[in-house]
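Input: a single structure, listed below in C-alpha cells.
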Amino acid sequence: MPVDSVKGVSRRAALAGLATLAATSCSRVAFLAANVPAVFGAYSRRTDVAYGTDPQQRLDVYVPDKPAAGRCPVVVFWHGGRWTYGDKSDYRFVGAALAESGFVAVAPNYRHYPQVKMTGFMQDAARAAAWANAYAREFHDPDRFYLMGHSAGAHLAALVALDSRYFADIGAPQPRIAGVIGLSGPYDFLPLLEKDLQEMFGPPECYPVSQPINFVRADAPPMLLLHGESDETVWPKNSRNLAAALQAKGAPVTLHLYPNLQHADTVAALSEPARGRAPVLAQIARFVNSSRSDAA
C-alpha cells in the first residue's frame, strides 16, 4: 500500500494565486487549486488500501503527524458526484484539512452507477465504514467514529448511519457512530424525475428506501448538516427537512445554512484557498471535539 508523508513545508508559494483559481467554474482547475497546498501538510497518507475486491473498493488514510493527547477521532469522508463519478484523489484537501485538525481521515472510493445501483454503492459504504471502524478500534478512538460526505457522499453517510440493512447485507454489525456530518446532501429528494435516477434507485416501490429522511429515529447519531442557501443542485430543503424530522424525534441535530453559498462551496471551504467562504472546518472540528470524553 503506497505511503507518502509531507512534513510542514512552507505553503506560501503553493498558495500564491490559488484563491483566484479556486473560484473558477472549471472543476479540474478548482481541484488543482484545492489540492496543491494540501500536499504540504503535517500528515501522512496511505493510498489505495483495499476494503474489497473490486478496483473501486479502495480508500486513502490521512493520519496527523502530531496527534492530540489521547487517541484520534476517525472521520470517514465520501466524495460526491451524483453517484456516477468522482474519485477520492480529487479530495486530498479534505483529508488534509481533517488530519491537520487532529483527526484521522478515511476517504473511500465506491462503485458508481451504472456499474451498480443503490444497493451496490450502499453496501460499499457499509464495507468502507466497517473497515474504518475496525481500524479505529485497533489504532485510534472507536468511541469517536464519524461518517461524513458531500452531496451524494452525504447521502451515503446519512443513509448507512440510519438504515442498518447495509451492514446486515455484508454480514457486519453496525458500528457505534458518534456523529454524521453532511455537506449539501440529498436526504429528501423524491420525486425522481431524471431517468438515470429512476433506474439507479428503482424500481419505484424501492424509491422510499433511498431517502434518509424515511429512517429518522430518536436514537439516530447526532448530525451536523451544512448547506448553501443558493444551492441549485441539491435544494437546501433537503437539510432543512432532515433537521426538522430529527428534531421532531428528539434526535440531536445542528443545521447551518450559509447565505449565497452554492453546491460545491461547502466542501470547497475545507481547502486553504477557499477557507474564508464559510467556517465549515471550524464547525466540523467543534462538532467532533464535542465528543471528547474529557469534555463530556
Side-chain angles (χ1 to χ4, degrees), residues 75-78 80 82-83 118 122 125 129 145-166 174-194 197-198 200-201 204-270 277-291:
V75 182
V76 185
F77 172 81
W78 287 278
R82 208 169 182 271
W83 305 278
M118 184 184 79
M122 289 307 308
F145 180 69
Y146 291 82
L147 306 183
M148 172 179 167
H150 171 251
S151 193
H155 171 266
L156 267 63
L159 189 56
V160 82
L162 291 171
D163 184 358
S164 63
R165 79 181 68 198
Y166 304 106
Q174 183 167 21
R176 180 187 178 278
I177 299 165
V180 176
I181 302 159
L183 311 180
S184 307
Y187 315 114
D188 182 21
F189 54 98
L190 295 181
L192 301 178
L193 303 179
E194 295 85 357
L197 296 184
Q198 292 170 353
M200 189 186 308
F201 295 109
E205 58 267 25
C206 294
Y207 291 166
V209 302
S210 69
Q211 306 297 298
I213 197 168
N214 289 336
F215 297 94
V216 165
R217 58 183 194 272
D219 64 346
M223 292 199 183
L224 173 65
L225 305 177
L226 311 175
H227 217 119
E229 298 246 41
S230 296
D231 191 337
E232 295 184 355
T233 301
V234 175
W235 299 110
K237 76 174 183 69
N238 281 270
S239 290
R240 287 196 187 98
N241 291 359
L242 182 59
L246 288 162
Q247 288 172 340
K249 292 285 189 179
V253 59
T254 302
L255 172 66
H256 290 287
L257 298 172
Y258 305 113
N260 304 318
L261 260 60
Q262 300 179 14
H263 184 62
D265 291 333
T266 51
V267 70
L270 294 172
R277 294 186 192 180
V280 172
L281 183 57
Q283 287 163 340
I284 292 171
R286 189 177 305 119
F287 180 69
V288 174
N289 285 328
S290 69
S291 70

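Scope of the values below: all heavy atoms of this structure, side chains included, with no hydrogens, waters or symmetry mates.
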So does [Y] get a backbone contact from the side chain of [X], meaning a donor-acceptor N/O pair under 3.5 Å?
X: D163; Y: L159; result: no
X: R217; Y: L162; result: yes
X: Q174; Y: A161; result: yes
X: Q198; Y: L192; result: yes
X: D231; Y: G228; result: no
X: K249; Y: A220; result: no
X: N289; Y: R286; result: no
X: H155; Y: S210; result: yes
X: Q283; Y: H256; result: no
X: D188; Y: N241; result: no

Donor + acceptor pair across side chains of T266, S184 (<3.5 Å): yes
Point-to-point distance, once rounded to the nearest 0.5 Å, from [atom1] of [X] to [atom2] of [Y]:
X: T254; Y: I181; atom1: OG1; atom2: CD1; answer: 11.0 Å
X: F287; Y: L224; atom1: CZ; atom2: CG; answer: 5.5 Å
X: Y187; Y: I213; atom1: OH; atom2: CD1; answer: 11.0 Å
X: C206; Y: F201; atom1: SG; atom2: CZ; answer: 11.5 Å

Does the separation of the ring centres of Y207 and F189 fall below 6.0 angstrom? no
Quick check: closest heavy atoms across [X] and [Y], and the distance to 0.1 Å?
X: L242; Y: M223; value: CD2-SD, 4.2 Å
X: V234; Y: H263; value: CG2-CE1, 3.4 Å
X: R277; Y: A268; value: NH1-CB, 3.7 Å

